[in-house]
Q: 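Once you've had a glance at the structure underneath, I'll fire off some questions.
A quick note: this is a predicted structure, and the numbers were derived from the prediction, not measured.
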Amino acid sequence: STLNLGSGSPAVTEHTIVVVGGAPSSGTRTFTATRGIFVNQSEMIFGQRDGASSIPVEIELLKDEDNGNVFGTVVDT
């Protein structure tokens with residue numbers, strides 16, 4: 001017998017994840033992960049046209065085996 005879990009396809013789509021925010025030196029800090037996958041996605045209903053909205057996402061970062069087994073880079077400017 002066979003037990004199939006999920007969509008039946010083991011393929012996942014990898015994305016480059018970039019997060020930009022404030023740096024401790026009052027500049028900008030940019031984190032770039034070269035291999036990220038979305039592990040939890042849901043539909044959102046937006047009720048405010050003029051207000052800020054937040055979209056919850058859950059990602060998993062994967063080590064980049066072709067670039068020294070790192071998750072990504074942090075650059076302060």
Side-chain angles (χ1 to χ4, degrees):
S1 70
T2 302
L3 174 63
N4 293 320
L5 302 173
S7 66
S9 172
V12 295
T13 302
E14 294 182 8
H15 301 276
T16 299
I17 308 296
V18 179
V19 179
V20 179
S25 62
S26 300
T28 300
R29 174 170 284 179
T30 303
F31 173 74
T32 304
T34 54
R35 297 181 65 211
I37 58 172
F38 291 99
V39 294
N40 189 8
Q41 300 174 353
S42 62
E43 292 185 22
M44 296 296 298
I45 298 173
F46 300 100
Q48 297 178 337
R49 279 187 189 201
D50 57 351
S53 297
S54 63
I55 304 171
V57 294
E58 185 176 340
I59 59 172
E60 182 173 335
L61 301 181
L62 308 171
K63 288 183 179 179
D64 188 352
E65 296 172 357
D66 296 330
N67 194 19
N69 257 350
V70 297
F71 289 105
T73 59
V74 176
V75 177
D76 288 344
T77 55

Q: Heavy atoms only: give me the nearest N67-V70 pair and the separation to one decimal.
A: O-CG2, 3.3 Å
Q: Got a sec, which pairs hit ring-ring contact (aromatic ring centres under 6.0 Å, His included) with one end in residues 55-77, sequence neighbours left out?
A: none
Q: Which residues pass the side-chain contact (heavy atoms from CB on, under 4.5 Å) test with T77, not counting sequence neighbours?
A: T28, V75
Q: Side-chain donor-acceptor pairs under 3.5 Å in residues 29-38, sequence neighbours left out?
A:
from	atom 1	to	atom 2	distance (Å)
R29	NE	D76	OD1	2.7
R29	NH2	D76	OD2	2.9
T34	OG1	D64	OD2	3.0
R35	NE	E14	OE1	3.0
R35	NE	E14	OE2	3.4
R35	NH1	K63	O	2.5
R35	NH2	E14	OE2	2.8

Q: Under a single-linkage definition using a 4.5 Å side-chain heavy-atom cutoff for Ile, Leu, Val, Met, Phe, Trp and Tyr, are V74 and V20 assigned to the same hydrophobic cluster?
A: no
Q: Do V39 and V18 sit in the same hydrophobic cluster, where Ile, Leu, Val, Met, Phe, Trp and Tyr count as joined when their side-chain heavy atoms come under 4.5 Å apart?
A: no
